[in-house]
Amino acid sequence: MIACLETAPTALLHWFLALLASWGVPAWTLPFVSALIIIGVLLGVFLTLFALTSVLERKILARAQNRYGPNRVGPFGLFQPVADGIKMLTKEDLVPRSADQIVHFLAPVVMLIPALMVLAILPYGRGMVPAELDAGILYFFALGAGTEVAVFMAGWSSNNKYSVLGAMRAIAQMISYELPLVMSAIVAAMVAGSLSPSAIVEAQGGFWAGVVPRWFVFTPWGFAAFLIFYIGALAEANRSPFDLPEGESEIVAGHLTEYSGFKYALFFMAEYVGMFAICGLMVTLFLGGWQAPLPFLDFVPTWAWFLAKICFVAFTMVWVRATLPRLRIDHLMAFAWKFLLPMSFAAFFAAACWHFAGRGLAGWLVSLAIVGAPYLLLGGAFARRFAVSRRTYRFSQ
Amino acid sequence: MDAFCQSLCADPIAALSGWFVLVPSLVLLLSAAAAVAARNLVRAALLATLSFVALGVVFIALGAEFVGFAQLLVYVGAVAMLIVFVILLTKPEQLARSPLAGAGPAGGILVAFALLAALLGFIFASPAADKALPAAAAAAPVAAIGRALLGEYVVVFIALGVLLTAALIGAAVIALEDEEP
């Protein structure tokens with residue numbers, strides 16, 4: 001029964017295609033039908049996840065702040081996304097008269113399409129990759145560049161100073177954090193010896209001493225690269241504490257200021273789908289992809305593990321949002337260039353040493369030293385520079 | 001012609017697969033022409049970005065996945081953004097004072113054709129021009145490209161690395177001088 005579940009999605013697809021073929025549908029259309037079905041399933045899963053997250057995030061934030069959160073629409077407020085969707089669809093779509101109409105219209109489209117396209121290369125389960133690409137990781141980052149263009153289009157076409165300032169901030173932040181992000185992803189690709197996501201997941205199979213999974217996050221260099229990737233992912237997805245492109249208290253809503261109605265909803269959707277995509281890449285690169293965390297848990301379908309891991313990583317992102325205050329723009333840039341980038345080089349070097357020291361205990365210790373020394377040095381320098389001293393007030397208690 | 005029609009009915013995808021590359025090529029040419037013709041600088045930059053994307057798709061359609069993705073990553077992610085930043089941070093009066101502003105369209109056309117002639121000369125002089133296109137372009141695996149970069153062409157690779165590092169340090173030095181009054 002449970003063994004059936006593992007292959008159920010692919011088996012269903014093959015059964016349906018065989019049925020179509022037996023009805024006399026021309027053979028050359030079948031790859032298209034298959035692709036359309038896979039696209040439909042992916043859209044269904046990720047848009048449901050988006051709808052669920054939009055309400056669960058507010059629930060979790062409310063819990064962290066000792067409030068109730070949305071609880072009026074449906075049981076526990078679970079139908080809130082439906083109400084939000086109707087609200088967004090029926091709202092007036094305002095476009096400023098001085099806006100560049102074409103670019104203003106295209107920006108949400110350019111934002112959403114790459115966010116959906118990157119979902120194609122994630123290995124959702126054993127043998128469940130929608131598009132098996134030799135350079136899958138590169139594909140992911142190449143399409144990620146589309147987001148920057150879309151943000152600029154939105155900011156510039158609105159013809160609003162807050163929009164342009166917000167877009168410039170967003171682009172500066174994305175370019176700065178893309179570097180450590182790509183560098184830390186390369187570490188995993190280098191050790192696995194491939195840019196293909198499924199090969200990277202395969203390389204993380206098995207267990208040390210039969211208990212600890214051989215995921216990259218459980219090695220010193222992998223742990224460092226994972227943290228760097230996590231921070232970079234937060235910044236790329238515009239998540240708090242890196243949400244200053246839309247810092248309400250400073251620049252209204254940044255590049256989204258002049259967007260309303262369903263165009264705004266598209267940006268919102270692209271942001272959340274992008275967040276899930278980068279969580280998926282993080283799980284693939286460092287958290288063992290669809291591999292089970294313990295040997296006796298192998299009976300659970302691999303795609304269930306993948307989804308569970310994505311949801312867990314997304315939950316931690318909401319948790320971080322509830323915990324940390326927003327960064328200041330100069331701190332943000334200094335952190336990316338002076339701390340994350342050197343640390344990602346250190347993780348890169350440590351991974352190479354781990355490989356050439358035989359991937360055993362010696363490599364483990366050497367890579368720990370290579371990652372740990374710059375962390376202590378740079379971290380110490382940062383702690384001294386941004387030391388928080390007790391504030392004394394002269395005129396009040 | 002008849003044989004082509006028959007294969008079109010049996011499997012249109014296989015029959016037309018050689019022609020798919022024409023779609024992004026057309027987009028590339030049209031968007032590049034529109035970028036040159038556009039009066040608005042930012043719109044011209046966005047059209048140029050579209051032509052970068054179309055070029056990437058042309059590479060992918062020809063079976064050069066790695067080059068295509070690298071084209072998208074570098075040109076859309078970095079070069080296009082650089083162009084846009086330069087346009088936004090340059091004051092209009094600085095543009096008017098630049099020595100290129102007085103050359104007019106005739107100068108631009110002259111330079112463009114000179115560049116085209118030079119490029120064509122190099123393309124026809126290169127040994128790659130003699131080779132016929134393979135019937136079905138076999139995608140070079142990424143691992144093979146990596147081995148070639150770090151094996152046969154490692155000197156070029158390291159030289160490029162040094163060049164980029166020098167550029168990075170130079171940019172940092174220029175940025176530092178602004179801070180000290």
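Sequence lines set the chain letters: A, B, ... in the order given, protein chains first and strands last, and positions in each chain run from 1.
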Against chain A, label B:F85 side chain, backbone, both or neither, depending on which of its atoms sit under 4.5 Å from a heavy atom there. side chain
B:E65 versus A:D134, closest heavy-atom pair with distance: OE1-N, 4.0 Å
With only heavy atoms counted, which part of A:F141 is less than 4.5 Å from chain B, the side chain, the backbone, both or neither? both
Got a second to check how far B:F69's CZ is from A:L133's CG, nearest 0.5 Å? 5.0 Å
Counting heavy-atom pairs under 4.5 Å to chain A, which of B:G77, B:A80, B:G146 comes out on top? B:G77
Quick one: CG on B:L46 to CD1 on A:I102, what's the gap to the nearest 0.5 Å? 11.0 Å
Tightest non-hydrogen contact, residues A:L138 and B:A70, listed as CD2-N, 4.1 Å
When A:L143, A:D100, A:V103 are compared by non-hydrogen pairs under 4.5 Å with chain B, the top option: A:D100
Are A:V151 and B:M81 side-chain neighbours, meaning at least one heavy-atom pair lies under 4.5 Å? no
What part of A:M168 gets closer than 4.5 Å to chain B, counting heavy atoms only: side chain, backbone, both or neither? both
Within 6.0 angstrom of A:F105 CZ, more than 12 heavy atoms from elsewhere: no
Atom CG of B:L168 and atom CH2 of A:W337: how far apart are they, to the nearest 0.5 Å? 6.5 Å
Tell me, yes or no, whether the heavy-atom count around A:F348 atom CZ, taken from other residues, nucleotides or ligands under 6.0 Å, exceeds 12. no
In this structure, CD of A:E148 is separated from OG1 of B:T49 (nearest 0.5 Å) by 11.5 Å
Is atom OH of B:Y75 surrounded by more than 12 heavy atoms (other residues, nucleotides or ligands) closer than 6.0 Å? no
